[in-house]
Amino acid sequence: MKYEYKKGPELYTPIMMRIISKRDLTPDVRFFQIVPKEEFKHLDLDYKPGQFMMLSLFGSGEAPFSISSSPTRKGIFEFAIRKTGKITNKIFELKDGDQLGLRGPFGNGFPIEKMLGKDIVIVAGGLGAAPLRSLLLYILDNRELFGRLIYLYGAKNPQEMLYRPDFFEMLESDQLELYLTVDKGNEGFEDKIEEGMVTHLFKYVNDIDPKNTIACVCGPPVMYKFVVNEILKYNLEKHNILVNLERRMKCGTGKCGHCIIDYRYTCIDGPVFTYWDVIHMRELI
Amino acid sequence: MRVLKLSKKDENKLYDVLIKFGEVWAPVPKGSRYVFDKIEKKEDLIMYNEFIRTILPIKKFLMPQELNILNFKPSKYEKPKVDIPTRVIVGVPPCEIHALNILDKFYTTDFVDNYYMERREKVIIIGKSSLPDEYLFSHKTNTSIVEEGYDLFFIDLGDYYLVWVGSEKGDDIVRLGSDIFSEDVPVDVAKDFVAYREKRRKAFTKDIDLEGVTDLMELMYDADFWDEFGEKCLSCGQCTMVCPTCTCFNVIDEIELNKDEGHRRRYWDSCMFKDYSLVAGQHNFRESRAERLKLWYTHKLKAFIGHFGSPSCVGCGRCIITCPVDINVETVVEKLKG
Amino acid sequence: MKKKPTLGIYGFTGCAGCQLSLLDCEDELIDLFSAADIKVFYEAMSNNDDEALVDIALVEGSINTNKQLDELKEIREKAKVLVAFGSCANHGCVQAMALGDGKWEQRFKQVYGDAKFTVAIPREAQPIHKFVKVDAFIPGCPPSKIQMLRAITQLLFGNKPTYTNSPVCLECKFRENECLLNDGKLCLGPLTMGGCTAPCPTHNTPCIGCWGIIEEANHIAELKLLKEKGFKTEEIIRRFRMFGGSEIVEKIEKLLEVAK
């Protein structure tokens with residue numbers, strides 16, 4: 001027999017977490033902070049920016065959510081969750097202290113080791129700011145380990161912009177070059193938010209060193225092509241253009257099949273893919 | 001490898017040996033087809049001469065159609081404790097053992113799926129070679145001869161079977177059945193064996209040329225025939241159910257009426273179904289039937305090579321005889337080749 | 001203690017078999033009565049509160065009279081979540097098999113002659129979604145015990161029940177049946193909403209489509225296939241229509257065109 005019958009850890013059994021705080025980021029996106037139900041258990045639960053967790057709601061099921069917090073801020077797990085269906089509807093009914101199940105982390109996450117010392121361009125669209133917040137906080141918490149940090153964020157309108165107060169505060173910071181835009185209706189925020197698609201913010205992205213820059217993109221499916229085309233104009237190396245994707249997932253372990261794209265599983269080989277993968281796999285973006 | 005002999009006059013004693021190891025399962029007729037079923041009486045254990053293609057492959061033993069994977073309460077998720085019986089599966093053809101090897105690889109790569117493993121270790125595979133029928137094309141997928149993955153493997157050489165011992169469990173069986181498994185395997189058996197191999201090799205008639213198909217999948221990705229197949233496809237999902245290497249599953253949570261408890265159920269899913277690639281917010285990554293068909297054939301004929309080094313079609317011919325509208329490896333390859 | 005959700009079970013035109021299959025649950029029925037505050041259930045109770053506002057309304061049957069239509073609209077106003085319960089409510093079922101053929105009045109006259117109706121003016125059978133917003137559904141003719149109880153449990157829990165959105169073929173293959181289409185039978189499995197656990201094909205009887213049409217049903221392909229197998233267009237269309245309800249009406253013209 002070639003393969004040993006070696007069992008692994010029980011990957012499909014969630015551990016229990018409880019909600020310690022929540023607040024609305026937009027009319028339909030809520031921010032949750034959760035910790036293990038038994039505080040001194042699961043202290044080893046670590047993760048990387050760009051990874052995701054499977055959250056389970058009693059009786060309603062399980063779904064993947066990208067982690068919005070940074071591993072540099074240990075102990076608390078944060079998620080920005082949009083109300084779109086059965087599970088998220090139920091998550092929105094949860095109160096502080098309520099419990100939910102968690103498995104993970106899953107996915108490859110951003111290749112932090114490779115990104116050290118590099119200039120980082122982050123492009124977020126809509127809810128894409130949720131997983132990218134993990135990366136953003138990670139870089140800010142380890143600022144000296146990275147080069148320039150450029151962050152472009154586009155949302156539908158100012159109300160739909162995640163973490164708007166945080167971003168407004170960061171506009172004053174010298175730690176990053178931050179530009180915000182909305183598709184329409186920046187009234188009242190003209191000094192902080194531009195109007196137009198996120199691609200239109202690339203006019204601020206100048207003096208890029210193509211050999212020393214890594215771009216990270218996350219947003220709605222339609223956004224990737226346009227944004228990647230902009231990034232390609234800077235002659236970045238293809239493996240240095242990273243996209244963070246969403247797919248249907250039921251397991252997180254490369255078994256259920258739903259997240260497959262060509263020969264890659266989004267839950268193991270992704271959700272962070274390179275532009276090199278994009279060229280090779282038709283269905284990717 | 002250890003090779004023994006089982007005389008055909010002792011064949012009827014085989015059941016008594018196997019039953020000591022666990023439940024005995026073997027192909028039994030169902031309509032015009034066969035299914036792997038539990039054998040309760042020794043006379044029902046039949047070693048068929050012809051190639052037996054059961055409706056469902058042996059994956060049903062390893063990842064059942066429906067499986068309760070968790071029990072839960074509002075504050076606890078728990079894996080149910082189940083007693084999985086040891087099952088001796090008799091009469092597994094070589095191509096299916098290849099499929100099993102693929103499943104072993106699949107379920108242990110990156111992460112080990114314990115639900116699979118718990119069942120895998122409780123399965124004893126008694127393989128059997130037979131002459132191909134008109135749909136089997138395992139000679140084209142390099143899966144007609146099997147070297148590993150079985151516990152015992154039977155080759156019918158007329159008055160007797162040659163029995164290959166492929167594992168410790170297999171060895172246990174032949175030791176316990178030492179009165180019927182004979183170690184007396186003279187050198188001239190080789191002649192019969194070679195003659196059988198040659199006869200079997202020549203008996204394959206299905207000609208599906210898989211050479212270069214990987215590249216053609218790439219080149220023909222936008223070919224019109226995909227849309228034609230898409231129009232024809234009934235989205236019944238039978239191809240994925242009967243395919244011995246299809247593994248996709250869906251997961252659903254159910255709660256008990258008036259009780260604060262429930263369970264999480266895993267069941268076979270099909271990439272032919274519309275909701276397969278549907279994500280929150282109703283975005284569907286594979287809206288059309290043609291896209292979903294392309295996904296399946298990409299996965300079978302191309303993508304699996306990228307992941308595991310070989311295609312995941314083992315040439316069992318199930319899709320050929322099952323698809324009501326003749327969308328199968330044969331017709332797709334035909335179109336790919338122009 | 002948390003307040004129990006209120007439930008109303010209403011019936012219009014049909015065989016009342018959906019309500020009956022609920023009653024048939026026996027053991028679980030006790031759980032249902034303790035999990036929900038049942039306000040209306042004519043088939044099971046004598047003290048019904050017609051005026052009650054309910055969290056969940058299970059509506060069985062198709063709409064066949066103007067009076068029913070008014071009642072349906074009232075139920076809609078009283079219910080937070082309105083559920084189409086069973087095939088009649090969902091699709092119209094067998095009483096809608098000739099829906100939209102323009103001959104309803106003629107047929108009606110054949111049966112009832114010049115009878116005058118004063119209280120409930122009859123009309124062509126229609127599923128309830130033609131008149132009111134339907135929030136959720138429970139398929140089946142009648143619904144299967146397991147799926148129905150799971151769905152009701154989800155509803156009481158505040159969830160919309162979700163189904164696998166797969167055809168009968170999925171469970172038919174789970175039970176390891178030979179495909180009846182390949183056996184030359186007129187089986188509607190691929191066109192039909194699953195969840196029934198495929199009892200008919202398991203007993204070698206082709207699926208007649210009683211759970212209604214599945215979203216992804218490819219009627220054109222099935223029509224072509226059945227014609228190849230020697231079935232006549234009229235027979236195929238008649239079978240499609242039997243439980244095809246209002247959904248098939250939209251497809252008929254195209255199907256007849258293809259059949260030529």
Side-chain angles (χ1 to χ4, degrees), chain A residues 1-16 18 37 56-64 82-88 98-99 101 103 106 127 220-222 246-265 267-269 280-283, chain B residues 69-70 72-79 101 104-118 120-121 148-149 151 166-168 221 247-255 262 264 266 269 271 275-283 285-286 291 295 298-299 302-307:
Chain A
M1 181 65 206
K2 197 172 170 187
Y3 305 95
E4 281 182 63
Y5 303 121
K6 222 174 161 176
K7 291 209 313 187
E10 292 299 345
L11 296 161
Y12 301 105
T13 315
I15 57 167
M16 293 314 293
R18 67 186 165 89
K37 185 187 143 200
S56 281
L57 259 284
F58 173 78
S60 300
E62 190 181 45
R82 172 173 283 166
K83 194 174 177 176
T84 51
K86 187 171 168 177
I87 295 167
T88 49
D98 281 353
Q99 296 181 24
R103 306 194 280 130
F106 296 114
L127 202 56
V222 288
E246 179 204 15
R247 283 295 185 276
R248 185 184 178 95
M249 289 171 194
K250 289 287 178 183
C251 67
T253 58
K255 307 294 184 243
C256 82
H258 291 87
C259 70
I260 196 161
I261 306 168
D262 208 310
Y263 64 94
R264 298 292 197 91
Y265 292 96
C267 68
I268 317 178
D269 307 302
H280 285 265
M281 297 188 284
R282 289 167 192 273
E283 288 185 312
Chain B
I69 60 166
L70 287 176
F72 56 76
K73 292 184 169 129
S75 60
K76 191 172 193 166
Y77 286 83
E78 208 172 21
K79 200 175 162 193
N101 291 339
D104 279 349
K105 242 190 249 185
F106 175 79
Y107 280 110
T108 54
T109 301
D110 296 311
F111 293 100
V112 177
D113 190 288
N114 286 352
Y115 298 96
Y116 177 84
M117 267 316 184
E118 285 153 12
R120 180 66 181 89
E121 64 182 353
E148 59 183 8
D151 297 284
S167 75
E168 261 196 57
Y221 193 85
T247 50
C248 289
F249 59 78
N250 204 347
V251 178
I252 202 164
D253 277 14
E254 266 132 18
I255 32 177
R264 181 165 289 173
R266 185 193 260 199
D269 197 2
C271 56
D275 289 1
Y276 183 80
S277 304
L278 189 72
V279 295
Q282 296 303 300
H283 182 80
F285 286 95
R286 294 178 191 96
E291 284 172 301
L295 171 74
T298 302
H299 191 224
K302 174 177 159 246
F304 214 81
I305 302 173
H307 218 110

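Given the structure is predicted, the values throughout are model-derived calculations rather than measurements. In what follows, chains are A, B, ... by sequence order, proteins preceding strands, each numbered from 1.
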Review point. Using non-hydrogen atoms only, which part of Glu168(B) is less than 4.5 Å away from chain A: side chain, backbone, both, or neither?
Key: neither

**Study point:** Heavy-atom contact with chain A under 4.5 Å, split by part of Thr247(B)
**Key:**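 It is both, since atoms from each part get that close.
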
Check your understanding: Strictly under 6.0 Å, is that where the ring centroids of Tyr77(B) and Tyr12(A) end up?
Key -> no

Interface moiety of [X] toward chain B, non-hydrogen atoms closer than 4.5 Å:
| X | value |
| --- | --- |
| Ile15(A) | neither |
| Asp98(A) | neither |
| Thr88(A) | neither |
| Cys259(A) | neither |
| Lys37(A) | side chain |
| Pro220(A) | neither |

Report the distance from atom [atom1] of [X] to atom [atom2] of [Y], rounding to the nearest 0.5 Å.
| X | Y | atom1 | atom2 | value |
| --- | --- | --- | --- | --- |
| Ile69(B) | Thr13(A) | CD1 | OG1 | 8.0 Å |
| Leu11(A) | Asp110(B) | CG | CG | 11.0 Å |
| Cys271(B) | Ile260(A) | SG | CD1 | 9.0 Å |
| His299(B) | Ile261(A) | NE2 | CD1 | 12.5 Å |
| Lys6(A) | Glu121(B) | NZ | CD | 13.5 Å |
| Cys251(A) | Asp113(B) | SG | CG | 8.0 Å |

Practice item. Would you kindly check if the NZ (Lys) or CZ (Arg) of Arg247(A) is within the cone defined by 45 degrees around the ring axis of Phe285(B) and under 6.0 Å from the six-membered ring centre? Key: yes

Mind ranking [options] by heavy-atom pairs under 4.5 Å with chain A and telling me who comes out on top?
| options | answer |
| --- | --- |
| Asn114(B), Asp275(B), Asp151(B) | Asn114(B) |
| Ile252(B), Val112(B), Thr109(B), Leu295(B) | Val112(B) |
| Tyr115(B), Tyr107(B), Phe249(B), Phe72(B) | Phe249(B) |

Point to revise | Which atom of Gly257(A) lies closest to which atom of Cys248(B), heavy atoms considered | key: CA-SG, 3.6 Å

Exercise for review: Measure across Pro14(A) and Leu70(B) and return the closest heavy-atom pair with its distance rounded to 0.1 Å.
Suggested key: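 That would be CD-CD1, 3.6 Å.
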
Exercise for review: Heavy-atom pairs under 4.5 Å with chain B are the metric here; pick the option from Ser56(A), Ser60(A), Pro221(A) that has the most.
Suggested key: Ser56(A)

Practice item. Name the option with the most non-hydrogen atom pairs under 4.5 Å to chain B; the candidates are Met16(A), His258(A), Gln99(A), Arg264(A). Key: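 So the answer, after comparing Met16(A), His258(A), Gln99(A), Arg264(A), is His258(A).
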
Review point. How far apart are the C-alpha atoms of Asn250(B) and Arg248(A), what are their side-chain angles, what is the distance that settles it, and do they pass the side-chain contact (heavy atoms from CB on, under 4.5 Å) test?
Key: CA-CA 10 Å; Asn250(B) 204 347; Arg248(A) 185 184 178 95; 3.9 Å; yes

Check your understanding: Under 3.5 Å, is there a donor-acceptor pair between the side chain of Lys255(A) and the main chain of Phe106(B)?
Key -> yes

Practice item. Please check if atom NZ in Lys79(B) has more than 12 non-hydrogen atoms from other residues, nucleotides or ligands closer than 6.0 Å. Key: yes

